[in-house]
Every structure is written in C-alpha cells, then in structure tokens.
There are 2 protein chains.
Amino acid sequence: MDTLETRELRYFVAVAEELHFGRAAERLGMAQPPLSRAIQQLERRLGVTLLDRDRRGVALTAAGEVLLREARAALDATTAAARRTRRAARSGERLVLATKAGASHELLRDLLDAYAAEPEAAEVEVLMCGIGEQARLLRDGRADVALVHRPFDDLSGFDTEDLLTEGQVAVLPAGHPYATRGSLSMAEAADVPGLPIARWPRLDGTYPPGPGPEVKDQAQMAQLVALGLALIVIPASAYAWLWAEHAAVPVSDAPAVTTTLAWPAHSRSLPLARLVGVATRL
Amino acid sequence: MDTLETRELRYFVAVAEELHFGRAAERLGMAQPPLSRAIQQLERRLGVTLLDRDRRGVALTAAGEVLLREARAALDATTAAARRTRRAARSGERLVLATKAGASHELLRDLLDAYAAEPEAAEVEVLMCGIGEQARLLRDGRADVALVHRPFDDLSGFDTEDLLTEGQVAVLPAGHPYATRGSLSMAEAADVPGLPIARWPRLDGTYPPGPGPEVKDQAQMAQLVALGLALIVIPASAYAWLWAEHAAVPVSDAPAVTTTLAWPAHSRSLPLARLVGVATRL
DNA sequence: GCGCTGTCATACCCGGCAGGTATCACAAAG
DNA sequence: CTTTGTGATACCTGCCGGGTATGACAGCGC
C-alpha cells in the first residue's frame with residue numbers, strides 16, 4: 001500500500017487536463033514516452049484504469065475523475081506546505097490577505113487600521129485578486145486569510161467569521177432616468193430599456209446566459225456603466241469605486257451579501273488568530 | 001520554486017514526531033545517514049532551518065512546527081487521493097460511513113434504512129471508530145462521510161448537515177437514590193456523593209482534570225457505571241447501549257449536542273450526495 | 001582527564017529508475 | 001496506399017536515493 005508521489009500526481013493532472021500525452025509532456029518540460037510510462041506505472045500501482053486510450057484521444061474514466069479532483073487538492077496542500085513554511089521562516093511573521101479588488105473598501109480599511117493598532121501586530125500584505133480567486137489562493141498557501149463574499153465565493157473547507165451583511169445596489173449611468181429612483185426591484189433592474197445587466201463569471205469560470213456584456217473585473221464594469229452600455233447589481237460596499245459618471249440605487253429584493261473572513265481550517269498562526277479577534281470586535 | 005515530494009514530507013514528519021533521527025529512520029525502515037541527508041536537502045531547498053540540532057536531541061523551529069502541521073495535512077490528502085481512487089474503481093460505488101461506536105443508534109438506523117430504500121442506493125459500509133477519530137478517517141480517505149457530534153468533534157474543513165439536536169442525560173447505577181429524580185442540574189450531577197463524573201478524552205487526546213476515572217469508550221463507561229464507581233453525562237441518543245444496571249436522568253442545563261453528518265468539502269460523489277439528500281429529509 | 005556511549009554528519013559506493021532518443025503500431029483522413 | 005497524428009515499446013544513460021563505514025562531538029561515569 002505504497003503512497004503516491006507528488007511527481008506522479010503532477011503528471012497525472014497534466015495529462016488529465018490536456019487529455020493529450022504529447023501536450024502534457026511539453027507542459028511538464030519532458031518527453032512523451034517517460035510520461036506515458038509513468039502514467040502506466042501509476043495505473044498499475046493503483047490497480048485502476050484511469051484513462052481510456054482510444055486511438056485518437058484520451059478520456060478520463062470515473063476513477064480518473066476522482067483522482068483528478070483529489071490530486072489537485074493534494075498538490076495544493078503540498079505547495080501550501082512549502083509556501084507557508086518559507087513564509088513562517090522569513091521576516092518574523094507576516095500575513096497575506098486576499099481580497100477582491102474594489103470590494104468592501106471601508107470594511108477592509110477599518111480592519112487593517114484596527115489590526116495595526118494592536119500591539120505586536122504583524123505586517124499585513126494585501127493581495128488583490130480577481131473574482132473568485134480567493135479560495136484558490138488560500139488552498140495553495142499564497143494567502144493566509146481572505147475577504148470573501150457569500151453567496152458568491154466557495155467557502156467549503158475553511159473556517160469563517162461573518163463580518164457584515166448588506167443589500168445590493170444597482171449602478172447606473174449618472175444621467176439615467178432611473179438614477180433618481182429611491183429603490184428598484186430585481187425585475188425592474190433586469191428590464192431597463194437599453195441597459196442590460198452585465199454578467200460576471202461564476203465559480204467555474206463560465207458566464208450565466210443573458211443579454212448583457214461579459215465582464216471580469218470591477219474596472220470593466222465601471223467603464224461599461226459610465227459608457228451607458230450596461231447596468232450592474234453589486235453589494236452596497238462595492239460602492240467605493242463609484243465614478244462621477246455613476247449613480248447607485250438600492251435593489252429591494254436582491255439577495256443579501258455577507259462579507260466574510262475565511263482562513264484554512266487547520267491554521268494555528270498567532271497573527272491570524274489576532275486578526276480574527278480584531279475582526280470579530282469590529 | 002520546486003515542489004516537495006511526498007517522500008520528503010513523510011521523512012520530515014517521522015523526524016519531527018520522533019525528534020530523533022535514529023528512531024525515525026527505524027520507523028521508516030531505512031538507515032539513519034540517508035535520512036539525515038534527505039532532511040538537509042529539504043532544508044536547503046526550502047531555504048529554511050526546520051530543526052535545531054543541539055547535540056543530544058533535536059527540536060523543531062517555528063518554521064518546523066508549521067511544516068509539521070502542513071505536511072500532515074498534505075500527506076493525508078495524498079493518501080486520501082489513492083484510497084478514494086481505488087474505491088471509486090472497485091465494485092461500482094460504495095460509501096464508507098464512520099461513526100462513534102454506540103452513539104446515535106436510532107438516527108443511524110433510520111438513515112441507513114431510508115437510504116437503502118432509495119433506488120440506486122450504493123452499498124454502505126459502517127466503520128465504527130473510537131471517540132474523535134472520525135475527522136482523521138475523513139481526512140485520509142478511509143471514510144467518505146461521518147456522523148459526528150458537536151460540540152465534541154472537530155468539523156473544520158468539512159461540509160456538514162445538522163441532523164438532530166438533543167439534550168444530555170446522566171447515567172447512574174440503577175439503584176442509586178438519584179435514579180428516580182425527574183431531572184438533574186450539572187451542579188448536582190457533579191456533586192453526587194461517591195459518584196464522580198467519568199472523564200473522556202478531548203480532541204487532542206488529553207483528559208480534562210477532575211476526580212472521576214478516565215475512560216476511552218462507551219463500554220468502559222457502561223461498566224464503571226454498572227459497578228457503581230462513576231456516573232456519566234452523555235447525549236440522550238447514546239441511551240441505546242444502556243444496561244439493566246443503568247438508569248438515565250435528564251440533565252436540565254447541560255449543553256445541547258447536535259448530531260451532524262460531515263463529509264470532505266470537495267466531494268462530488270453521487271451516492272454521497274444522495275445520502276445527504278436522504279439525511280436532510282429525515 | 002579518559003574512555004564510553006549516544007547522537008547526528010560526512011565520505012564513499014552501488015543499483016534502480018526517471019528520463020532521453022529512436023522507433024513501432026495503428027487509426028483516421030485524403 | 002500514403003500521410004499524419006497518436007500513444008506504446010525498446011533500449012540506453014546518468015542521477016540520486018539508499019546502504020555501509022566512519023567521523024565529530026557532547027555528556028557521563030570513574
């Protein structure tokens with residue numbers, strides 16, 4: 001019952017993702033034959049067929065799907081081990097906080113200020129990342145803690161602390177007739193003539209269907225709205241990046257958004273514990 | 001930024017746990033010199049000192065502590081990958097459910113019955129384990145899902161579904177004067193003359209202080225109570241294993257215990273999803 | 001102080017296996 | 001039937017993981 005080596009897992013993930021031995025080998029910086037052999041060995045050692053080689057193409061078996069998912073998690077865990085160990089050794093202690101660019105401005109500012117006021121506060125590095133990337137950064141050790149937003153982000157596997165629940169607002173071009181309304185319903189927001197709701201990616205990177213333009217960060221949204229090409233519905237705290245050409249109107253029936261602090265479940269870092277403590281008292 | 005091999009992690013964990021290269025090498029089934037060399041290489045590659053070799057003994061540095069924790073998690077993840085892959089390939093699908101021996105009898109029976117009644121139900125193997133072992137079994141892939149009890153078990157890192165919340169009862173020898181009482185308070189239970197409360201291990205394996213005997217499973221508890229040497233306070237559903245020599249009295253102010261279904265956060269197994277679905281409808 | 005013992009590090013050797021190159025086998029396309 | 005693209009096979013080589021023997025050094029008993 002020998003244990004799998006990370007090398008084998010890396011190879012398998014490459015092949016499973018490319019579904020092509022040649023390209024996978026290239027990505028791994030090696031030749032194709034040893035890669036084929038390594039995968040065969042892996043299959044023999046597990047006693048399981050992972051790939052259906054069907055001349056002209058490779059497909060994952062059910063067991064292969066399982067291994068792909070598990071192997072990714074295991075690889076993330078090992079790289080996280082290396083990263084966190086290196087970080088623990090360097091420069092005393094230091095926290096890396098991942099957050100979506102532009103979101104929860106005031107909350108983040110207050111949190112950092114309050115934490116910095118603590119005696120023995122560690123240095124906090126803020127890592128701005130794209131939508132939905134926080135979980136990945138936490139899992140592979142690039143971040144120690146993250147500000148995430150329910151129900152948008154995937155929190156499974158983390159410890160969390162809710163910080164703030166808030167409604168959402170519709171952001172419109174400043175001169176638009178609806179900009180002076182006191183509030184809107186989702187139905188109204190979805191049906192503004194000439195202003196489709198912009199779509200942003202879901203957890204898996206795909207976009208929901210709809211007429212609006214696809215965007216991938218707040219800067220794109222801001223510009224599209226300022227240009228009068230779309231409207232967007234966002235948490236009220238994302239307000240901070242509003243331009244002069246924007247107006248915000250509360251959306252009465254949009255789902256509430258909770259800003260949450262999340263960190264790896266097994267973390268025992270003292271500075272992190274202190275940051276969480278500060279956050280709860282905010 | 002090369003990635004760590006599981007072999008290195010295994011070696012490091014052995015040394016970190018033994019704090020002795022010789023014993024660690026023996027445990028790993030190898031000679032001591034190559035182990036020393038491997039650890040040195042690991043330290044060089046990470047650019048971090050993990051161990052303070054201080055003639056006569058080895059001690060972990062702060063970075064070493066971090067790596068020990070992270071390495072254990074990573075190793076669990078890789079062995080889980082192997083186990084789950086093998087299991088996915090064998091015998092169609094099959095679920096392994098871990099539970100504390102003797103706890104939540106009726107609930108477990110109902111759950112298994114309801115699940116078995118489903119069309120396309122997978123085979124469920126019930127794995128009885130000791131107190132607090134469920135989390136480990138889930139983490140290293142020996143189990144797919146577990147029945148755990150809040151606030152006793154460590155649920156960090158898992159998805160969960162609460163099934164049942166209940167009070168606790170004091171279990172006494174059948175003939176004891178208090179056995180006929182309608183209810184007790186914690187203060188009263190803690191102060192029964194000649195009957196100290198038995199202590200069971202906490203998450204880390206240590207015992208809380210107190211006058212009562214230390215026990216490690218329900219059979220020991222049962223016997224101690226039947227012998228008139230101790231009383232215990234347990235969730236009402238653990239009732240099922242009561243002997244004729246026992247009597248149970250509700251404890252009015254004991255913290256409520258919730259029986260919870262827990263599973264690895266990233267699991268995507270269809271039979272598991274079905275089991276969770278059945279559980280929520282229970 | 002002088003061995004003795006227990007500990008980790010060093011020196012050196014060897015065999016297996018990861019990786020490379022060349023080639024094969026085969027299926028689909030034309 | 002050739003061409004093209006694919007993964008598998010055959011075979012070689014060098015590196016590195018592992019073994020043995022030994023060194024360096026701290027504490028201990030006398």
Side-chain angles (χ1 to χ4, degrees), chain A residues 1-61 63-64 67-68 71 74-75 78 82, chain B residues 1-61 63-64 67-68 71 74-75 78 82:
Chain A
M1 188 61 58
D2 37 14
T3 163
L4 303 181
E5 287 300 319
T6 58
R7 185 176 47 80
E8 307 181 270
L9 295 178
R10 259 196 350 262
Y11 289 2
F12 175 75
V13 168
V15 173
E17 284 179 353
E18 299 284 347
L19 292 177
H20 189 291
F21 280 79
R23 280 195 297 275
E26 191 181 3
R27 191 172 114 185
L28 292 166
M30 64 188 294
Q32 169 260 319
L35 178 58
S36 286
R37 215 184 34 188
I39 300 292
Q40 288 173 315
Q41 274 181 13
L42 177 62
E43 288 181 309
R44 261 196 338 220
R45 288 179 51 198
L46 286 172
V48 167
T49 306
L50 300 169
L51 298 166
D52 279 330
R53 287 87 151 170
D54 162 80
R55 309 252 166 233
R56 211 87 179 175
V58 174
L60 283 171
T61 64
L67 183 58
L68 176 56
L75 288 175
T78 66
Chain B
M1 185 59 64
D2 36 14
T3 163
L4 304 181
E5 288 299 319
T6 56
R7 184 176 45 81
E8 307 181 270
L9 296 179
R10 262 198 345 265
Y11 289 2
F12 176 74
V13 168
V15 173
E17 284 179 355
E18 299 284 348
L19 291 177
H20 189 291
F21 279 77
R23 281 195 297 275
E26 191 181 3
R27 191 171 113 185
L28 292 165
M30 64 188 293
Q32 168 261 318
L35 178 58
S36 286
R37 213 183 37 186
I39 300 292
Q40 288 173 315
Q41 275 181 12
L42 177 61
E43 287 182 308
R44 260 195 338 218
R45 289 178 50 198
L46 286 171
V48 167
T49 307
L50 300 169
L51 299 166
D52 279 330
R53 285 86 153 170
D54 163 79
R55 309 255 165 229
R56 212 86 177 173
V58 174
L60 283 172
T61 65
L67 183 57
L68 176 57
L75 288 176
T78 66

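Fair warning: this is a prediction, and the values are worked out from it, not measured in the lab. Naming convention: chains lettered A, B, ... in sequence-line order (proteins, then strands); numbering from 1 in each chain.
- The phosphate of C/dC8 has neither OP1 nor OP2 within less than 4.0 Å of any side-chain N or O from B/Ser36.
- If you check every strand for non-hydrogen atoms under 4.0 Å, B/Gln40 touches sugar and phosphate atoms only.
- Rounded to whole Å, the distance from CG on A/Leu50 to C1' on D/dG7 is 16 Å.
- Here the side chains of A/Leu42 and A/Tyr11 are not in contact, with every heavy-atom distance at 4.5 Å or above.
- No side-chain heavy atom of A/Thr61 sits under 4.5 Å from any side-chain heavy atom of A/Glu43.
- With D/dG18, C/dT21, C/dC8 as the choices, the nucleotide that has an atom nearest any side-chain atom of A/Pro34 turns out to be C/dT21.
- Listed nucleotides D/dA8, D/dG18, C/dC8 differ in distance to A/Phe21; the shortest reach to its side chain belongs to D/dA8.
- In this structure, A/Arg37 reaches the bases: a heavy-atom distance under 4.0 Å links it to at least one base atom across the strands shown.
- Contact annotation: the side chain of B/Glu26 never approaches that of B/Glu18 to less than 4.5 Å [non-hydrogen atoms, C-beta and beyond].
- Taking 4.0 angstrom as the limit, B/His20 places none of its side-chain polar atoms (N or O) nearer than this to OP1 or OP2 of C/dG6.
- For the pair A/Gln32 CD and C/dA22 P, the computed distance is 14 Å after rounding to whole Å.
- A heavy-atom distance below 4.5 Å is not found between the side chains of B/Leu50 and B/Leu60.
- A/Gln41 comes within 4.0 angstrom of the backbone, heavy atoms only, and of no base.
- The CG atom of A/Leu9 sits 16 Å away from the C1' atom of C/dA18 (whole-angstrom rounding).
- In this structure, A/Glu18 atom CD and D/dG7 atom P are separated by 11 Å, rounded to whole Å.
- You'll find that the side chain of B/Met30 is closest to D/dG18, out of D/dG18, C/dC8, C/dT21.
- Minimum atom distance to the side chain of A/Arg7 is reached by C/dG19, of the listed C/dG19, D/dT9, D/dG17.
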